[in-house]
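Presented below is the structure to which this report refers.
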Protein chains: 2
Amino acid sequence: MANRSDTKTRILDAAEKLFAERGFSETSLRLITSKAEVNLASVNYHFGSKKELIRAVLARYLDVFMPAASQELNKLTATGRPDLDTIFSALVRPLLDLDKVRVEGTRIFLQLLGRGYIESQGHLRWFITTHYGEHLDRFVQVVCQSAPHIPPAEMFWRLHFTLGTVVFTMASSDALMEIAEADFKEQNDIESVIRKVIPYMAAGVAVPLTQANRE
Amino acid sequence: MANRSDTKTRILDAAEKLFAERGFSETSLRLITSKAEVNLASVNYHFGSKKELIRAVLARYLDVFMPAASQELNKLTATGRPDLDTIFSALVRPLLDLDKVRVEGTRIFLQLLGRGYIESQGHLRWFITTHYGEHLDRFVQVVCQSAPHIPPAEMFWRLHFTLGTVVFTMASSDALMEIAEADFKEQNDIESVIRKVIPYMAAGVAVPLTQANRE
DNA sequence: AATGATTTAAAACACCCGTTTAAATTAATC
DNA sequence: GATTAATTTAAACGGGTGTTTTAAATCATT
């Protein structure tokens with residue numbers, strides 16, 4: 001049953017790297033299969049279509065990350081009501097652990113997530129919310145409880161601001177780290193960037209509503 | 001010299017709308033020219049290539065916005081040292097004024113900016129920084145002065161977080177507004193989103209350094 | 001009205017895309 | 001070891017892409 005070299009895995013490995021770097025529509029199946037050193041038709045044989053390959057690439061990460069993140073949240077809420085900084089920090093470990101699953105897993109996952117949200121008009125967003133909705137709802141719930149002064153509708157927007165912050169930062173993290181080192185003699189890695197971004201996001205998510213926003 | 005129906009303008013008008021909605025690579029020249037009711041070849045005749053058309057679309061907005069934003073900043077610094085919320089808010093007027101330049105100008109410009117930063121790996125970023133660098137530097141300078149407790153190296157990161165927040169939010173603003181209406185019966189437009197994002201960004205940029213970050 | 005440059009028009013070009021087909025190969029089962 | 005099933009292969013299909021070409025039409029200027 002199992003072929004030792006696993007064409008399916010080689011396709012996924014090559015695809016996720018290219019998708020993260022160049023986006024989904026900018027990455028052809030021909031490029032993927034040539035990098036993976038497999039036949040062009042094997043993508044359609046194993047995955048059915050390019051669209052389903054994209055979903056499979058994302059699912060491979062989400063299936064690891066989502067349960068791990070949920071578990072961290074459960075540990076947090078078991079002991080008491082955590083603050084926002086603590087909640088965001090709890091996601092760091094599952095995020096960084098993706099580097100153990102695959103080389104550069106953290107960066108690739110975050111970039112894929114961003115591309116998925118922006119590029120595919122809606123249908124990848126739909127895939128994520130329907131397949132991992134429980135985990136997302138759980139996260140939103142915990143965040144809302146830790147910032148009870150923010151109405152849910154406002155929190156919806158702020159969490160998407162947060163998603164944008166993370167996704168964009170990670171997508172260009174390589175270039176940003178280079179500039180930071182050249183301009184400020186500051187040595188960074190992915191983890192240190194994540195640790196910088198957490199206070200920024202936590203402050204933004206919890207900031208009291210202004211008069212104009214309360215309307 | 002000037003033809004009253006102006007093929008060039010019709011192309012730009014059709015292109016910016018489609019680019020903002022579907023992204024650059026997802027929008028074909030054939031779709032643009034059919035919407036604009038001009039001949040396919042006229043794009044290459046007037047702009048040279050699709051890439052140059054994209055730059056022309058962006059430049060038409062940046063040439064209006066950048067000087068206007070700079071002028072607002074000058075007005076602000078003339079009277080005293082503004083706080084971050086004031087600085088970000090000062091950009092709102094030039095942004096909203098784009099609606100006077102063209103129908104839905106504000107939304108289209110911000111979405112184009114978002115797509116431009118995400119889709120084209122780097123070379124549109126280069127176009128913007130080299131053509132409008134003075135304005136950008138001026139902005140960074142004013143922001144740094146208004147938050148003197150943040151070291152420049154940290155501010156570098158936080159401003160890029162901010163860029164990510166804006167860019168990602170605007171690129172997916174249509175989808176987000178739809179969801180917000182479906183889930184929370186909340187009717188939004190671009191201005192209300194802008195007014196939501198400003199406090200978020202201002203809080204994040206100015207948040208005091210934590211022990212871990214100061215190191 | 002005639003001239004010459006600018007602009008538009010239709011068609012073709014060369015290329016890349018995702019997908020499908022059908023034969024060849026490999027692996028598994030009896 | 002023969003038969004069946006699963007997988008890989010090479011080739012072609014149908015369609016869309018940006019761009020170029022060539023000729024006609026339009027325009028401003030003489």
Side-chain angles (χ1 to χ4, degrees), chain A residues 1-60 112 115-116 119-124 127, chain B residues 1-60 112 115-116 119-124 127:
Chain A
M1 185 213 297
N3 20 347
R4 74 277 88 100
S5 188
D6 221 4
T7 305
K8 222 166 160 177
T9 304
R10 306 190 56 168
I11 293 173
L12 287 170
D13 289 345
E16 68 170 30
K17 202 169 294 191
L18 293 167
F19 284 154
E21 281 165 10
R22 342 162 99 248
F24 299 113
S25 68
E26 300 288 330
T27 304
S28 68
L29 295 185
R30 282 172 176 81
L31 182 58
I32 293 170
T33 52
S34 76
K35 288 272 181 190
E37 294 181 300
V38 301
N39 187 270
L40 168 62
S42 58
V43 171
N44 289 286
Y45 175 79
H46 284 286
F47 297 96
S49 68
K50 183 180 182 180
K51 205 174 267 185
E52 288 174 82
L53 170 63
I54 294 173
R55 285 205 285 263
V57 164
L58 265 165
R60 201 162 61 143
L112 287 173
R115 303 255 183 216
E119 233 180 86
S120 74
Q121 51 259 47
H123 79 268
L124 249 177
F127 168 74
Chain B
M1 184 213 298
N3 19 349
R4 78 270 86 95
S5 188
D6 221 5
T7 304
K8 218 166 161 177
T9 305
R10 305 189 57 168
I11 293 173
L12 287 170
D13 288 345
E16 67 170 32
K17 202 170 294 191
L18 293 167
F19 283 155
E21 281 165 9
R22 341 162 98 248
F24 299 114
S25 68
E26 300 289 331
T27 304
S28 70
L29 295 184
R30 281 170 177 82
L31 182 59
I32 293 170
T33 52
S34 75
K35 289 271 181 193
E37 292 179 303
V38 302
N39 188 271
L40 168 63
S42 57
V43 171
N44 288 288
Y45 174 78
H46 285 287
F47 298 96
S49 68
K50 183 179 180 179
K51 204 174 268 185
E52 287 173 82
L53 169 64
I54 294 173
R55 284 205 286 261
V57 163
L58 264 167
R60 198 163 64 145
L112 287 174
R115 302 241 182 233
E119 229 179 271
S120 73
Q121 52 258 47
H123 77 269
L124 249 177
F127 168 75

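Not measured: the values here are computed from a predicted model. In what follows, every chain begins at residue 1, and chains take the letters A, B, ... in the order their sequences are listed.
The neighbour count for K17(A) NZ, taken as heavy atoms of other residues, nucleotides or ligands under 6.0 Å away, does not exceed 12.
Among pairs with a residue in residues 37-47 of chain A, those fulfilling salt bridge (charged side-chain N to carboxylate O under 4.0 Å, His left out) read R10(A)-E37(A), at least two apart in sequence or across chains.
Protein atom CG of N44(B) is 16 Å distant from nucleotide atom P of dT22(D), rounded to whole Å. Counting to the nearest Å, the C1' atom of dT19(C) and the CZ atom of F47(A) are 16 Å from each other. Between F24(A) atom CZ and dG18(C) atom C1' the separation is 17 Å, expressed in whole Å.
Contact annotation: the side chain of L58(B) never approaches that of F19(B) to less than 4.5 Å [non-hydrogen atoms, C-beta and beyond]. Side-chain contact between N39(A) and Y45(A): absent, with no pair of heavy atoms (C-beta onward) separated by less than 4.5 Å.
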Tabulate protein N/O versus nucleotide N/O from nucleotides 9-17 of chain C, keeping only pairs under 3.5 Å, one per line.
from	atom 1	to	atom 2	distance (Å)
dC17(C)	OP1	S28(A)	OG	2.9

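The side chain of T7(B) places an N or O atom within less than 4.0 Å of a non-bridging phosphate oxygen (OP1 or OP2) of dT8(C). OP1 and OP2 of dT6(C) both lie 4.0 Å or more from every side-chain N or O belonging to H46(B).
Among the nucleotides dT19(C), dT7(D), dT6(C), the one closest to the side chain of Y45(B) is dT6(C).
In terms of heavy atoms, A14(B) sits closest to I32(B) at CB-O, 3.8 Å.
For S34(B), the side-chain contact (heavy atoms from CB on, under 4.5 Å) partners two or more places apart in sequence, or in a different chain, are L31(B).
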